[in-house]
Amino acid sequence: MTEAIEEVIFPALGLVFLLLGIVLIASIIFTSFSPYDQIAFANAEKVSAAINEACFTPGRAVELNSIELRQNTPSFTWIFTILPRWLIRVNGDPNYVMYYEAFPPGEATGWEVYNDFQNRLFAPLPDIDPIDNRPFDGKSGREVSAYALRVLQNFKQRNPGQRVDEVIVNNILLSESFRSDFMVKTEKSGTGGGVTDMWEVGGPSSGGEPSSTEKFFSYGKWKTQDLNTKIPSGKNQFIFSNYASLTDLEKTSIKYQPCGENSLCLRTRSGVYSFPLDYCKNIKNIQLFYHGGDTTTFGETVWDLTEFVGGIFVAVKSKIGGLLGLAVDAAAVGIAYDGAKDLTSNAIQYKAGDFYLASPCSIVDDNPGDGEDITVESTSCSDSICVSAIEYPMYTYNAESGTLKKLGKNHYVCTQNIGTKIDTPPSNPISGNCIKVNIEYRKKYYCWTPAPYSATLGEAALNVFFGRTIGSTPPITTLLRGFQVDSIRLIYGLPINKNNDFLAASGTVGNVILSKPTETTLKQGEDFLGAVDRKWWWGWP
């Protein structure tokens, strides 16, 4: 009997240990090789090559067959949010995030919502300090800290009692000797105190070789860099030094700091990679335009819009009828609900703004040239979809002299996706040359936070009606699509406009406020939207 049991147990245990060994070996190989890293690098190279080609051959669209940023995603997230919440808090961001120069503020709401952040302020340095009328070029690191403090105090005076977690000066290049994300001490009110006792972390190192403490709290260092200015040269990597020790807030703040001028950036779990766009020295911005849904013609859009409005009308009518005790056609209501859900799902995938991609993302054109393509083209900024923007210079920090050095190019941020709860962003169209990444093929998985707040869609419709234009006049199909998106936003209060606002201050280029993110802002309309609202969040790619 014992021998019979042993004949069963020992082979079974051997099989278990064999499987464990295979899993261990596979894990080691997977970790060292990191195929998803290789896919992300290859796609960043491909996208940067297409952008360079478009800059080199203006007027000709460069076609891409695919863009992919792969990563494993949690399962059963339609039931539990614990897995995406845990993954985002561990990694700070999706595993791979691609963007131009610096990540646009407000666009990461789809995953930053899983964190417990309070308000955050983005405060790019202008050319001239409004206090002493001197250029910031040549100013010290401590003067940058003082500027960040003034922005914090301005916010506090206009929003008493509101807590701020950090102030990010988001136009200073990543550096090992300067932290341009200033973490506010929680015990301070933000309305008093000096520069040195206000910030938990932030500002320049003590000078010379960073101390052990400064190295511990630094993000990392560039592989190849100028000894003094710390400017990266060529294709480069900013390697994280002690990433595991960073807080959730610090991890997600890295992408907001530029990786270089005229550079495509790829943020991974190991560092930030810079891909210089050598033929694009004269471009102002790179923008993403995604049609969202399968509707492309005027007639189809009108039909979709009619179904959408009709579906909402039947749904509202049924609710009122139910309250009044009137008979309701359940089948008609069900059809209207389903139709409106589908149209809502398509509409909120519409995307227009600064270029970026986040994993998991797959856009594969199975039939190039069929009218549903992925193209990159150099075009006049007046013909682009960014009808309003702010611009500001970029700086690097010279560790040897302890001063800022202004770079030769300004950075542009589209403002049509910024809310107006406090101040209205300036309506300044970009002039010059821009790159437009046009995606007509249907995306899969996450890729970006869909349908952000847009003040200009309704404005554009009014301008067309009254014969005026802001930037360029959008086609009627885009206007109808915009009306559909704005209708959804009006009825259900979709959240980006509640998490992204503008704060004007004397002498500044304008500061963006990221309000405390909360999942409850996305629960509005959940009864109607059902599974559609899950497409907002990274956990439901």
Side-chain angles (χ1 to χ4, degrees), residues 30-31 33-52 62-75 77 83-84 87-88 90-104 107-114 235-238 240 243 251-252 254-256 259 263-275 277 286-290 292 349 351 353-366 373-376 435 437-450 452 534-541:
F30 189 88
T31 302
F33 179 65
S34 192
Y36 289 157
D37 279 8
Q38 304 307 316
I39 292 171
F41 299 149
N43 276 268
E45 293 272 15
K46 180 168 62 176
V47 172
S48 63
I51 295 172
N52 263 320
V62 179
E63 189 167 331
L64 287 170
N65 290 333
S66 66
I67 305 176
E68 294 191 274
L69 296 175
R70 299 184 187 177
Q71 78 168 80
N72 290 327
T73 55
S75 301
T77 50
L83 290 176
L87 284 172
I88 290 300
V90 168
N91 295 329
D93 290 317
N95 289 356
Y96 307 100
V97 183
M98 185 189 300
Y99 47 93
Y100 176 62
E101 293 184 338
F103 192 86
E107 292 285 355
T109 303
W111 62 84
E112 288 182 347
V113 73
Y114 290 127
K235 190 168 70 173
N236 213 332
Q237 179 189 6
F238 186 85
F240 297 149
Y243 191 72
K251 287 176 183 176
T252 200
I254 295 170
K255 64 182 177 293
Y256 295 113
C259 78
S263 294
L264 187 70
C265 311
L266 178 68
R267 185 214 186 282
T268 73
R269 289 168 295 175
S270 60
V272 177
Y273 291 77
S274 176
F275 297 83
L277 304 172
I286 299 181
Q287 297 153 17
L288 171 70
F289 181 53
Y290 177 68
Q349 292 183 63
K351 185 71 176 178
D354 296 300
F355 172 79
Y356 76 93
L357 295 172
S359 63
C361 181
S362 178
I363 309 168
V364 180
D365 187 353
D366 296 328
D373 303 314
I374 309 166
T375 57
V376 180
I435 291 291
V437 180
N438 192 62
I439 299 175
E440 297 176 340
Y441 198 82
R442 194 72 174 265
K443 75 178 180 72
K444 296 180 181 178
Y445 311 120
Y446 182 75
C447 296
W448 50 71
T449 301
R534 296 169 188 162
K535 295 186 178 182
W536 281 86
W537 299 122
W538 178 82
W540 294 275

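Keep in mind the model is a prediction, meaning the values are calculated, not measured.
Looking at residues two or more places apart in sequence or on another chain, you find no side-chain hydrogen bond (donor to acceptor under 3.5 Å, both in side chains) involving Asn43.
Remark: side-chain polar atoms of Tyr356 are paired, donor with acceptor, to backbone N or O of Glu107 under 3.5 angstrom. The backbone N or O of Ala102 lies less than 3.5 Å from no partner atom in the side chain of Tyr256, so there is not a single donor-acceptor pair.
Under the 4.5 Å side-chain criterion, counting only non-hydrogen atoms from C-beta, Trp448 is in contact with Leu357. For the pair Tyr273 and Leu264, the minimum side-chain heavy-atom distance is 4.5 Å or more. Here the side chains of Asn91 and Lys251 are not in contact, with every heavy-atom distance at 4.5 Å or above. Tyr99 is not listed as a side-chain neighbour of Ile286, based on a closest heavy-atom distance of 4.5 Å or more. Trp111 is listed as a side-chain neighbour of Thr252, based on a closest heavy-atom distance under 4.5 Å. Residues Tyr445 and Arg70 have side chains not in contact (no heavy-atom distance under 4.5 Å, counting atoms from C-beta outward). Using a 4.5 Å heavy-atom cutoff, the side chains of Ser362 and Leu69 are not in contact. No side-chain heavy atom of Phe103 sits less than 4.5 Å from a side-chain heavy atom of Asp93.
Between the CD atom in Glu63 and the CD1 atom in Ile374 there is a gap of 8.0 Å [rounded to 0.5 Å].
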* Given side chain to side chain contact (heavy atoms under 4.5 Å, CB included), test Ser66 with Lys46 step by step and report yes or no. => CA-CA 9 Å; Ser66 66; Lys46 180 168 62 176; 3.0 Å; yes

* To do: Start with the C-alpha gap between Phe41 and Leu266, add the side-chain angles, then the distance that decides, and say whether side chain to side chain contact (heavy atoms under 4.5 Å, CB included) holds.
  => CA-CA 8 Å; Phe41 299 149; Leu266 178 68; 3.5 Å; yes

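Sparse packing is recorded around NZ of Lys235, with 12 or fewer heavy atoms of other residues, nucleotides or ligands lying under 6.0 Å away.
Looking at every heavy atom in both residues, Tyr446 comes nearest to Gly110 through OH-CA, 3.5 Å.
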